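This report concerns only the one structure given below.
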Amino acid sequence: MALRVFNTLGRKKELFEPLEPGRVRIYVCGPTVYDACHIGHARSVVVFDVIARYFKAKGFDVTYVRNFTDIDDKIINKANELGIDSKAVAEKYIKEFYEDMDALNVERATIEPKATEHINQIIQFVEKLIQKGFAYRINGDVYYSVEKFKEYGKLSGRRLEDMEAGARVDIDERKQNPFDFVLWKSAKPGEPAWESPWGMGRPGWHIECSAMSNEYLGETFDIHGGGRDLCFPHHENEIAQSESVSGKLFVKYWVHNGFVNINQEKMSKSLGNFLMIKDVLKTYHPEVVRLFLLSNHYRSPIDFTDKALDEAKIGLDKIYALLERIEKKMGLKPDQNTESGDCWQRFCEAMDDDFNSARGIGILFDTVRSINRFLDQNKLSGETKKNIQSNHSDILRIGNVLGLLMEQPKVYFEKKQTQVLEQKSINPDVIDKMVKERDEARKAKNWEKADQIRNQLADMNIVLKDRGEGTVWKIND
RNA sequence: GGCGGCAUAGCCAAGUGGUAAGGCAGCGGUCUGCAAAACCGCUAUUCACCAGUUCGAAUCUGGUUGCCGCCUCCA
C-alpha cells in the first residue's frame, strides 16, 4: 500500500517515502500558551494525532514532536494583564492545554519541548545564522535577512518583490528589508530575559521551532505540520532559518490543516466568536467532537454548527449501539488480536490517500450497516459469525486510529443516561417502575394504558424499545 | 494590489479521466399490538455557468459568476 501525502511545498499529492525506512519523524507546531485552546486548536491537534496514530498502526516507528511556544509578546502582555509573571501564564495554559487535549483523547507526542528550555540551542542557532551571514545585529536585536535566502517564499508561493508592492508591514527603518524578521529580541526593563551574546533578551517567534526540531529530529525530517495560517510567515521563516544553517532540505513533506469556522464565520477577536474546547465539551462528548472534526478532509475548511455536532452525535450513537448489539447478541468482547479484514483494508486505502478520514468514516458506516444486516438474521451461520467478528475488530481498530470508540458501549450509554437524568432530576427507579407497569398492561393487552405510559415517558425524552428479551429504555438527548 | 482555495441532492460530505461513497433529514416497505431500533427500497441522468481536449470529464484546459482564506497575531 502506498501512502500519498499532499505536500504544501509543491501543492500536490506525493508518494510518501520516509527518509529512513520504517521510521517517520514529525514536527507539529503546538500552541503559543497565552490563552485557552479553541476549537481550531482542537482540529489541528486531533488531525495530527490521527496522522501519528495511523503511522503507528501501519507499523512505523514514529517520533512525533509537538512544541509549546512558552515565551512570546502575547504571553508577556497576558502576564501584565493578569499581574503575574509570564512563566506562570505559560504554565497555566499548558496545564489547560493538557486538560483539553486529554479530554479529547489526544495521545501525548513523543517529545513536547518548550522554547524556554531550549534557549541555549536557540542562541547557538542564531549565532550560526550570523556567522553564515544570514543574520545581522541592530544593537541588542538580531534579524534574519530574507534577501540572503534565495528560496525565500518557496513554501507559500510568494516572491519578495510581489509582497513589497502591497505590503502592509510596519516600516522599521533599521531593517534591511521589511520582511526581515527578528531572531533575538532585546529585553525592555521588566521583561523576561536570558543572557546572550547580544545582551539580555528573548527568542523571536520562529526560531524556537527551527532550533527544537533540529535538536530532536535532525537537520532534515519527514513531516512538518500545522494550521494553514502558519504557512506564511511562520513556516516560510522556519525553512529560511533551518536551510540557511544546514544547507540541506529542512522538511520533506509540509502538511497544513484547514480552519474551523463558526456558523460560516471565521473565529476572530472582533466577532468575539472564539469557541473554546472546554466550553464545547460541556455540551458534546469528546468523541462527538472528534468524529465531527474528522468527518471533513483535514485540508478543507470545516463549519462548526450545532446541527453538524448533533449529526455527529447521532452517528456516534449509532456505532456504539452496534457495538453494544454485537456484545449482547454474540457475547463478543473487543479482541484486537483478530486478524484484520476487508473493512480495515478499505479504511487504510482511504487513509493512504492523503489521510482521508472522511472517506474512512464512510467505510466505518458501511460496515456498521453490514453488521446490522447480519444481526437482523435470526440464525447466524458459523461463517456469518466469523464475518461479524472480523468486522467488529476492524471497527475497533479504526476507532483506535481515529481516537473513537474508546469506551465500553455500555458505559458510553450509561454515562450519557446518568448525565441527562441528573440534569432533569429524574429518578431512574421511577422509570423502571413505569416500564414495569406498562409491561403488565401490555401483557393484559391493555394497549391504551401501555401507550399512555409510553407517551408519558416520551415527554421525559425517554424512548422505549420492546425487544424480544424485554423492554429497554434509552434517553433521547 | 499579490498569492491560494472552494462551488457535488433539502442539509453535511467523499470522489482528480471510465459513468455519482457515506451521514443527517424525508418518503414507502419489512419487523412490531402500535411504536422505537435495525434492515430494505426510493430521493443528483447529474456535479455553479460557458466553451474546449478526449472514445469517454464532477474530475484536464481556457473563460465567466459566486463564496472564502492568506499576505498583520492567529490552529
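Letters go in sequence order (proteins before strands), and every chain restarts at 1. Remember, it's a predicted structure, so these values are computed and weren't measured experimentally.
To the nearest whole angstrom, the two P atoms, one in B:G4 and one in B:A13, are 25 Å apart. Nucleotides B:U19 and B:C24 are separated by 27 Å at their C1' atoms, to the nearest Å. Separating the P atom of B:C50 from that of B:U65 is a span of 15 Å, rounded to the nearest Å. B:C31 and B:C68 have their C1' atoms separated by 48 Å, with the value rounded to a whole Å. Only the C1' atoms considered, B:U16 is 15 Å distant from B:C6, to the nearest whole Å. Taking the C1' atoms as reference points, B:A7 lies 15 Å from B:A14, given to the whole Å. Taking atom C1' in both B:A20 and B:C47, the straight-line distance is 8 Å, to the nearest Å. Between the C1' atoms of B:C71 and B:G56, the separation comes to 42 Å (whole Å).
Classified by interplanar angle (parallel below 30°, tilted 30° to 60°, perpendicular above 60°), the ring pair A:Y27/A:H224 is tilted. Between A:W254 and A:H256, the two ring planes are parallel [angle under 30°; tilted spans 30° to 60°]. Taking the six-membered ring where the residue is Trp, A:F55 and A:F16 present tilted rings, their angle falling between 30° and 60°. Classification of the A:H234-A:H206 ring pair by plane angle, with boundaries at 30° and 60°, yields tilted. Aromatic ring pairs are classed by plane angle as parallel below 30°, tilted from 30° to 60° and perpendicular above 60°; the pair A:W344 and A:Y54 is tilted.
Residue ring and base: A:F259 does not count as stacked with B:G69 (centre distance below 5.5 Å and interplanar angle below 30° not both satisfied). Stacking between A:W447 and the base of B:G33 is present: ring centres sit under 5.5 Å apart and the planes differ by under 30 degrees.
Taking the centre of each ring, A:Y93 and A:Y34 stay at or above the 6.0 Å mark. Note: A:F68 and A:Y98 meet the aromatic proximity criterion, with ring centroids under 6.0 Å apart. Aromatic rings from A:H285 and A:Y412 are positioned such that their centres are separated by under 6.0 Å.
The phosphate of B:C40 (OP1 or OP2) has a side-chain N or O of A:R373 nearer than 4.0 angstrom. Of the side-chain N and O atoms in A:R369, none sit less than 4.0 angstrom from OP1 or OP2 of B:C39. A:N296 has no side-chain polar atom (N or O) that falls below the 4.0 Å cut-off from OP1 or OP2 of B:C12. At the phosphate of B:A36, neither OP1 nor OP2 sits under 4.0 Å from any side-chain N or O atom of A:W473. Within the structure, every side-chain polar atom (N or O) of A:T471 is placed at least 4.0 Å from both OP1 and OP2 of B:A36. Residue A:N257 places none of its side-chain N or O atoms closer than 4.0 Å to OP1 or OP2 of B:A75. For B:A37, neither phosphate oxygen OP1 nor OP2 lies less than 4.0 angstrom from any side-chain nitrogen or oxygen of A:K318.
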Map every base of RNA chain B to its dot-bracket character, where paired means a Watson-Crick or G-U wobble contact with both distances under 3.5 Å and | marks a partner outside the strand. ((((((((.[[[..)..(...]]].(((((.......))))).....[[[[[..)....]]]]])))))))....
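For A:R299 against B:G5, no side-chain N or O and base N or O form a donor-acceptor pair under 3.5 Å. Contact annotation: side chain of A:R454 to base of B:A35, donor-acceptor pair present below 3.5 Å. Interface remark: the A:D466 side chain does form a donor-acceptor pair with the B:C34 base, using a distance-only criterion of under 3.5 Å.
Nucleotide B:A36 holds its C1' atom 18 Å from the CD atom of A:Q456, rounded to whole Å. Following rounding to the nearest Å, A:N356 (CG) and B:G22 (P) show an atom-to-atom distance of 15 Å. Atom CG of A:D376 is separated from atom P of B:G29 by 19 Å (rounded to the nearest Å). Atom CZ of A:F179 is separated from atom C1' of B:C3 by 12 Å (rounded to the nearest Å). In this structure, A:D303 atom CG and B:C6 atom C1' are separated by 14 Å, rounded to whole Å. Whole-Å rounding puts the A:Q264 CD to B:G66 C1' distance at 13 Å.
Looking at which nucleotide of RNA chain B each of A:E448 and A:H206 is closest to, the 5′-most match is held by A:E448. Each of A:M267 and A:L464 was matched to the nucleotide of RNA chain B holding its nearest heavy atom; the match closer to the 5' end belongs to A:L464.
Here the nucleotide nearest the side chain of A:V260, chosen from B:C70, B:A21, B:A75, is B:A75. For A:E311, the listed nucleotide lying nearest its side chain is B:C11; candidates were B:C11, B:A75, B:G33. With B:C39, B:C11, B:C74 as the candidates, the nucleotide lying closest to the side chain of A:H38 is B:C74. Comparing B:A21, B:A25, B:G69 against the side chain of A:K266 picks out B:G69 as the nearest. Listed nucleotides B:C39, B:C11, B:C73 differ in distance to A:K307; the shortest reach to its side chain belongs to B:C11. Proximity note for A:K465 (side chain, C-beta onward) versus B:A37, B:A75, B:G33: the nearest is B:A37. Listed nucleotides: B:G33, B:C39, B:A14. Nearest to the side chain of A:D451: B:G33. Relative to the side chain of A:R359, the nucleotides B:G15, B:A38, B:C73 differ in distance, and B:G15 lies closest. Listed candidates were B:A36, B:G23, B:C71. Nearest to the side chain of A:V463 is B:A36.
A donor-acceptor contact under 3.5 angstrom links the side chains of A:E236 and A:S156, judged on distance only. Between the side chains of A:D394 and A:S340, no donor-acceptor pair is found at a separation under 3.5 Å.
For the pair A:R299 and A:F6, the cation sits on the ring face: its NZ or CZ lies under 6.0 Å from the ring centre, inside 45° of the axis.
Within 4.0 Å of A:T305, counting heavy atoms only, lies no atom of the nucleic acid at all. Nucleic acid contact class of A:G40 (heavy atoms, under 4.0 Å, all strands): base.
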